[in-house]
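A short worksheet on the structure shown next.
Residue numbers count from 1 along this sequence.
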Amino acid sequence: MKITESELRGKTVMSEEGLYLGILRNSTVEDRTGQLMNVLIEPSDDVDPRLYHLDNQGHLVFPFNSIKSVKDVVIIGGQ
């Protein structure tokens with residue numbers, strides 16, 4: 001199954017353990033190869049952002065390859 005990056009935006013993101021992380025807002029791309037590198041998640045109020053890597057806008061940053069499943073929600077593993 002293929003999914004476009006724009007279909008990921010706005011999806012709810014949860015950890016494999018069932019923690020609601022937030023909403024997927026954007027992604028980063030390697031400019032030379034076009035490879036998706038990271039997903040940027042607007043953190044939920046229940047997430048302690050000090051426990052995660054953040055970008056300059058305060059988004060949680062996860063490697064793209066940490067996405068385990070995409071259905072109604074995006075499941076992120078390996079935090």
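- Qualifying side chain to side chain donor-acceptor pair (under 3.5 Å) partners for Asp48, counting only residues two or more places apart in sequence or in other chains: Arg50.
- Applying the salt bridge (charged side-chain N to carboxylate O under 4.0 Å, His left out) test to pairs two or more places apart or on separate chains, those with a residue in residues 6-15 are Glu5-Arg9.
- Here CD1 of Ile76 is found 12.0 Å from CE of Met14. Values are rounded to the nearest 0.5 Å.
- The hydrophobic clustering, which links ILVMFWY residues whose side-chain heavy atoms are closer than 4.5 Å, places Ile67 and Leu36 together.
- Shortest non-hydrogen contact noted between Leu40 and His59 is CB-CB, 4.0 Å.
- One hydrophobic cluster, built from ILVMFWY side chains closer than 4.5 Å, cannot hold both Met37 and Ile41; they sit in different ones.
- Contact detail for Leu8 and Val74: the closest heavy-atom pair is CD2-CG2, 4.1 Å.
- Scanning both residues, Leu60 and Val47, for their nearest heavy atoms gives CD1-CG1, 4.2 Å.
- Applying the side chain to side chain contact (heavy atoms under 4.5 Å, CB included) test to Pro63 and every residue at least two apart in sequence or in another chain returns Asn38, Asn65, Ser66.
- Judged as a salt bridge (charged side-chain N to carboxylate O under 4.0 Å, His left out), not a single pair has a partner in residues 59-73 (not counting sequence neighbours).
- Taking Glu30 as the reference, Arg32 meet the salt bridge (Lys or Arg N to Asp or Glu O under 4.0 Å) condition, with sequence neighbours excluded.
- In this structure, CG on Leu21 lies 12.5 Å from CD on Glu42, to the nearest 0.5 angstrom.
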